[in-house]
Structure formats: structure tokens, C-alpha cells
Amino acid sequence: MTIRDLFSHRRLAGLVIATAVLVSPAAVAAQTQASGIADAVTRATVARGLVPHRAVIDLKLVKSTNASSVSGLTGRMVFEVNGSACEGFTVNFRFVTRLRDTQGQTRVTDLRTTTFEGGEAERFDFVTQTFVNDKMSEETRGSVERGDDDVAALLTLPERKQFDLPGSIVFPTQHLVEMVYGAKTGAGFVSADLYDGSEGGEKVFPTAMAIGPAMTKAEDFKSEPAADVPGLKGVKHWPVSVGYYNGAIGMSGEQTPVYEMRFVLYENGVSRKLEIDYGDFVLEGTVTELTILDMQKCE
């Protein structure tokens, strides 16, 4: 993965901006291979428990090997999630980074994204703009609709194009629901093929998620400013690692991931203690501000 690949699309923020919707029946084929624990937990109840929120995440470079061309990096993500599990959620996201390579050159990237995911995952709309050194370098716009058997995609930028996607894919919120559902039902491993509109709006990413036991130690709650926010106190949470792959969908477990994200996931959908491992270099993200927003009630 090149430096341009890293900062010209929204893959880096894929998990951070995931939002809460109900999982539609058409997505059942992509559901987690859960442990079979029989209880009251359903994906619908998980989705209804996810909360709108606004978060500020500061990023820094914590590791860089000789094989990497990155010598320094700082950045900030700001995103706001609004809506409800009944009507769908809108996400407004901005991510600014300042990167210095081993040649001493500096690159400032400003990524701006707005998405909407329907209340039953029947629709996913996205607009992504990337600015490099204050000049727009990329813009992607598209809409995706889920049918009974497949998913129809329409891109209007960078060029108008229509194509079909596999019916088994999940959108970002469905991906989040699968993680929380897997954590709450005791599944240690969850896999899904994710579509989030990145890579020009045409790529599906196989993912594999490893979920650890619930975290209960007192120090887990004191390692980050966001941990003391009232909306997180006493909320159950788990360590999660997600691998992203470039191979054929459904084959994530047989390959080496392009990169991995590690973070602490709460059952209300909020995450913190972010780490992004690209092998040659590692980024660490700290939630410096977190506000739990009012949720719209379903009528």
C-alpha cells in the first residue's frame, strides 16, 4: 500500500464512522457464524442500542520500520452520527492528516465524507471528497440499493457507472452490528464482506474480526479521556481486532490482511483506543472528545 493509497480514500476511517441500522433479511447470508448461544440478543436489539455521538480522535505515528516511507504523521478525525435505527443514520466525517516522508516532503490530506444508511440497510448513499494540500484530488458519489437477491450500485462520480454487488455484502453499520452481536453472544470470530463506497466506490473488502472476552479491570476505564464520559461508564466493552483483505470475498481467513485495526468496542457502538497496523508502520488514535447525542425515537 502506497502513501497515496492510505490517504486518498476513507478506508482508514471505515470502522470509526460505522453507524447504527437494522440488518435487513437480505443480508442474512453475510451474518456471523455465532457460537449459537440461545438468549434474547438479536441483531435488531443490538442496532436499537447503538447511540448517535460526536467524537474527536487524535492520531499519531507510534511505529515506523525502515521499509516504510513514513517518517512522521499527525492527524485528527472528527465525526458526527445522527438519526435512528428506524429511519437510518447520517454520518458527517472529516479527517485531516499531515504526513512527512523519509525524503522530508510534507503532505496535508483533508478527507470529507457524508453517508446515509437506511433503517433496514436497504440503501447506502455516500459522497467522499479528498483534498491534498488544499486542492481537491478525488470525489466519489454513489447510491446502492439492496434487492431480494443482489445489490444494485450507481456511481455518478468520478464517472457514471452501474453495476451489481453480491447480495452477501454488508454496509458499515451492518458491519458494526455484527461486531457487537458477536461480542454479546460470545462469538470469538466473525467474518463479513464489507462495502463502504471506498476505492472509487467499486471495491468490496473481506474482513475477519477477532473478539476477546469482556473487559472488566478498573484500568480499562482510565486509559483515555473518553472512558470517563457518562455515556460509557458501566457500558460493557470488548477488545476487537479487524483484518482487512484484498483477495476474493469470503476468503479473508486464508490470507494475510493488508492492515489491521484494534480497538475497544462498547455495546452501544462507541469505540476508543484505536490502533491501525499496516505492518511497516502503526498509528495510534486517542478519543479526546466524546459527546453522546440524543437519539430520535421510533414512531
Side-chain angles (χ1 to χ4, degrees), residues 1-18 54-80 91-115 126-140 157-158 172 194 196-201 203 205 207 223-227 239-246 256-264 271-290:
M1 175 172 289
T2 67
I3 298 301
R4 181 182 182 280
D5 291 336
L6 177 59
F7 296 107
S8 64
H9 54 67
R10 47 192 284 268
R11 283 275 7 100
L12 186 59
L15 290 177
V16 181
I17 64 173
R54 183 181 188 275
V56 177
I57 301 173
D58 286 347
L59 284 170
K60 65 179 180 180
L61 181 69
V62 293
K63 175 186 175 182
S64 182
T65 68
N66 292 333
S68 171
S69 61
V70 179
S71 64
L73 183 147
T74 58
R76 170 169 287 186
M77 297 177 180
V78 180
F79 69 96
E80 185 169 309
V91 178
N92 290 295
F93 170 79
R94 189 172 182 181
F95 178 30
V96 179
T97 61
R98 180 180 294 274
L99 180 144
R100 185 178 67 257
D101 63 22
T102 53
Q103 304 301 314
Q105 296 182 327
T106 299
R107 176 188 179 100
V108 177
T109 302
D110 184 352
L111 177 67
R112 307 172 189 181
T113 297
T114 297
T115 64
F126 56 93
V127 178
T128 299
Q129 296 176 320
T130 302
F131 296 80
V132 178
N133 297 332
D134 294 325
K135 294 183 180 181
M136 184 185 291
S137 63
E138 296 180 41
E139 182 172 11
T140 305
L157 286 175
L194 172 66
D196 65 358
S198 62
E199 299 287 359
K203 191 170 183 60
F205 285 86
T207 68
S223 58
E224 205 170 26
V240 175
S241 177
V242 183
Y244 290 80
Y245 301 81
N246 262 338
T256 300
V258 176
Y259 66 94
E260 292 182 81
M261 284 187 172
R262 294 181 284 272
F263 53 97
V264 174
S271 59
R272 63 177 183 86
K273 293 192 69 175
L274 175 66
E275 184 177 272
I276 308 166
D277 188 345
Y278 284 88
D280 293 337
F281 63 98
V282 179
L283 307 180
E284 181 180 271
T286 300
V287 180
T288 57
E289 298 178 32
L290 177 65

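All heavy atoms count here, side chains included; hydrogens, waters and symmetry mates do not.
- Residues satisfying the salt bridge (Lys or Arg N to Asp or Glu O under 4.0 Å) test with Asp58, not counting sequence neighbours, are Arg76.
- A side-chain donor-acceptor contact under 3.5 Å links Ser64 to the backbone of Val70.
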Stepwise side-chain contact (heavy atoms from CB on, under 4.5 Å) test for Asn246 and Lys203: CA-CA 9 Å; Asn246 262 338; Lys203 191 170 183 60; 2.9 Å; yes

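- Between Phe131 and Leu111, every side-chain heavy-atom pair lies at or beyond the 4.5 Å cut-off.
- Atom CZ of Phe126 is separated from atom OG1 of Thr114 by 12.5 Å, given to the nearest 0.5 angstrom.
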Evaluate the side-chain contact (heavy atoms from CB on, under 4.5 Å) criterion for residues Thr106 and Arg98: first the C-alpha distance (whole Å), next the side-chain angles of each, then the deciding distance (0.1 Å), finally the verdict. CA-CA 7 Å; Thr106 299; Arg98 180 180 294 274; 3.7 Å; yes

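- Between the side chain of Ser71 and the backbone N or O of Arg100 there is at least one donor-acceptor pair closer than 3.5 Å.
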Mind running side-chain contact (heavy atoms from CB on, under 4.5 Å) on Ile57 and Val287 for me, showing each step along the way? CA-CA 4 Å; Ile57 301 173; Val287 180; 3.9 Å; yes

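- With sequence neighbours left out, Glu289 forms a salt bridge (Lys or Arg N to Asp or Glu O under 4.0 Å) with no residue at all.
- Using a 4.5 Å heavy-atom cutoff, the side chains of Val108 and Asp134 are not in contact.
- The pair Arg262-Asp277 meets the salt-bridge criterion, since a charged nitrogen lies less than 4.0 angstrom from a carboxylate oxygen.
- For the pair Tyr245 and Pro257, the tightest heavy-atom approach, listed with the atom from each and the gap, is CE2-N, 3.4 Å.
- Ring geometry, Phe93 versus Phe95: the interplanar angle falls from 30° to 60°, so the pair is classed tilted.
- Between Thr113 atom OG1 and Asn92 atom CG the span is 9.5 Å, to the nearest 0.5 Å.
- Looking at Thr65, its side chain does come within 3.5 Å of a backbone N or O of Asp280 through a donor-acceptor pair.
- Qualifying salt bridge (Lys or Arg N to Asp or Glu O under 4.0 Å) partners for Lys60, counting only residues two or more places apart in sequence or in other chains: Glu284.
- Note: Leu59 CG to Leu73 CG = 7.0 Å, rounded to the nearest 0.5 Å.
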